[in-house]
Amino acid sequence: MFENASGISRRAIVGWLVALSLLAFAGRTATIVYQRAWQKPNAMEHRSIALSLVNGTGFSFGDFGYYGPSSVQSPPFPFLLAGMFKIFGVDTPPDGSLQGANRAYFAILMLNAFAGAGLVWLTYLLARTLGGTVLSGLFAAAAVAIWPSQVYAARHVQAIVLITCSLAGMIILFYRALRTGSRGAWIGYCVVGTLATLTEPVFLPALAISGLLVLFWRGLAWNIRLRNAGILLLTTFIVIGPWTLRNRIV
C-alpha cells in the first residue's frame with residue numbers, strides 16, 4: 001500500500017503518516033484534558049451494565065421499574081469498562097479528580113485517542129485499497145486527524161471510535177482477501193467484522209451480505225469462495241452465536 005507512482009518515497013509517506021498520527025493523538029488528548037472529559041463521560045448504559053458486572057449481578061440493567069438481564073447494549077464495551085472499573089475502582093470522587101471511576105474513564109478516553117491515531121493509518125490504507133492515489137490517501141488521513149467530529153468523538157466513553165477503526169479495517173481486509181485469495185486476510189476480515197458487529201449490531205446485514213457476495217466473486221476459484229463463506233459462517237457462530245443464544249434465553 002506504500003508503493004506509488006507519484007514520486008513520493010516510501011520513507012516520506014511513512015513520515016507523513018507518523019506525523020499525522022501524532023497530531024491526531026495530541027489533538028484528541030488535548031481535548032480530553034482541556035474539557036476534563038472524565039467528569040462527564042457520557043457512558044450511557046455502558047456504565048450501569050459495567051457496574052452490574054463488577055458487583056456480580058451479571059449483564060444487567062434497570063429502567064422503567066425493571067432491573068435484570070438486558071440487551072440494551074452489546075457486550076464488548078461494557079466488559080471493557082468493567083475491566084477498567086476492576087483495575088481502578090468504581091467510586092467517583094466528588095472533586096472530579098483522576099481517582100477511582102474517573103481514572104477508569106480516563107483510561108478508556110486515552111484508548112480512544114490511540115485508536116484515533118491508528119485511524120490515520122487505516123484511512124490512508126483504505127483510500128489506497130479503494131484505488132485512491134498516494135496524495136488522496138494522505139489528504140484523507142490528514143482530514144481524519146483533525147476533523148472536529150472525529151476529534152470530539154474521542155471524549156466520550158463509548159465505542160464509536162473503536163467501531164470506526166473496525167469498519168475501516170473490515171473494508172481493507174475484505175478487498176485484500178478477495179483480490180489476493182489470501183486465507184489470512186479473510187480470517188482477519190471475519191474476526192474484525194464479527195467483533196465489530198457484536199459491538200455495533202447495525203453491521204449485521206452488511207456482514208451477512210458479504211457472505212453471499214463472496215460466493216459470486218468471479219475473481220476467486222469456487223473452492224476459495226466456499227472456503228471463505230464457511231470461515232465467515234463459523235466465525236459468526238463462535239463470536240456472535242453465544243450472545244444470540246443468551247438473548248433468546250433472556
Side-chain angles (χ1 to χ4, degrees), residues 1-6 8-10 13-14 17 21 71 73-77 79-80 114-115 117-138 140-141 144 159-250:
M1 292 301 174
F2 293 98
E3 293 80 6
N4 67 91
S6 65
I8 304 176
S9 69
R10 178 189 176 94
I13 295 170
V14 172
L17 291 175
S21 62
S71 302
Q73 289 289 349
S74 54
F77 199 79
F79 273 99
L80 175 62
F114 277 110
L119 185 60
V120 168
W121 293 78
L122 289 171
T123 300
Y124 173 82
L125 293 174
L126 177 58
R128 296 287 283 146
T129 297
L130 296 179
T133 64
V134 169
L135 285 177
S136 65
L138 289 174
V144 162
I160 185 62
V161 179
L162 300 176
I163 291 170
T164 304
C165 288
S166 297
L167 179 59
M170 283 174 62
I171 298 172
I172 294 167
L173 290 167
F174 179 83
Y175 278 100
R176 182 171 295 182
L178 296 192
R179 287 171 180 169
T180 65
S182 167
R183 180 190 289 115
W186 184 255
I187 292 174
Y189 165 74
C190 293
V191 172
V192 173
T194 51
L195 286 174
T197 300
L198 184 61
T199 306
E200 181 50 80
V202 74
F203 291 158
L204 185 57
L207 189 71
I209 290 171
S210 74
L212 295 174
L213 183 62
V214 73
L215 290 174
F216 299 94
W217 201 271
R218 294 182 179 179
L220 296 177
W222 260 110
N223 63 318
I224 297 179
R225 299 185 204 181
L226 293 174
R227 180 202 70 190
N228 287 356
I231 291 173
L232 178 58
L233 185 62
L234 177 62
T235 309
T236 301
F237 276 122
I238 292 173
V239 177
I240 303 178
W243 177 245
T244 304
L245 178 61
R246 177 262 184 194
N247 287 348
R248 180 68 181 89
I249 295 170
V250 169

For the side chain of R128 and the backbone of G137, is there at least one donor-acceptor N/O pair under 3.5 Å apart? no

Closest non-hydrogen contact found for T123 with A141 is CG2-N, 3.9 Å

Could you work out, with side-chain contact (heavy atoms from CB on, under 4.5 Å) as the rule, every residue matching I238, not counting sequence neighbours? L234

A side-chain contact here means heavy atoms from C-beta on lying under 4.5 Å apart; do I224 and W217 qualify? no

To the nearest 0.5 Å, what is the distance between CE (M170) and CG (L126)? 12.0 Å

Quick one: does N228's side chain get under 4.5 Å of L220's, heavy atoms only? yes

If you apply the rule side-chain contact (heavy atoms from CB on, under 4.5 Å), what do you find for Y124 with V120, and how did you get there? CA-CA 6 Å; Y124 173 82; V120 168; over 6 Å; no

Point-to-point distance, once rounded to the nearest 0.5 Å, from CG of L178 to CZ of R225: 10.5 Å

Which heavy-atom pair separates L215 from A229 by the least distance, and what is that distance? CD2-CB, 3.8 Å

Would you give the length of the straight line joining atom CZ of F174 to atom OG1 of T129, rounded to the nearest 0.5 angstrom? 12.5 Å

Distance, nearest 0.5 Å, that separates CG of L122 from OG1 of T164: 10.5 Å

Do L138 and T133 pass the side-chain contact (heavy atoms from CB on, under 4.5 Å) test, and can you show the C-alpha distance, the side-chain angles, and the key distance before you say yes or no? CA-CA 9 Å; L138 289 174; T133 64; over 6 Å; no

Under the side-chain contact (heavy atoms from CB on, under 4.5 Å) test, residues paired with L195 that sit two or more places apart: V191, V239

Given side chains that start at C-beta, do those of L198 and F203 come closer than 4.5 Å, heavy atoms only? no

Distance check, rounded to the nearest 0.5 Å: L119 atom CG versus L167 atom CG? 9.5 Å

Tell me, with the steps shown, if I13 and V134 meet side-chain contact (heavy atoms from CB on, under 4.5 Å). CA-CA 8 Å; I13 295 170; V134 169; 3.8 Å; yes

Scan residues 183-194 for pairs that pass side-chain hydrogen bond (donor to acceptor under 3.5 Å, both in side chains), counting only residues two or more places apart or in two chains. Y189-S210

Please round to the nearest 0.5 Å and tell me the distance separating atom CD1 of I187 and atom CG of L232. 11.5 Å

Shortest non-hydrogen pair, C165 vs A115, comes out as SG-O, 3.2 Å

Would you name the heavy atoms of W243 and S74 that are closest together and state the gap between them? CZ2-CA, 3.9 Å

So do the side chains of L207 and I240 get within less than 4.5 Å of each other, counting heavy atoms only? yes

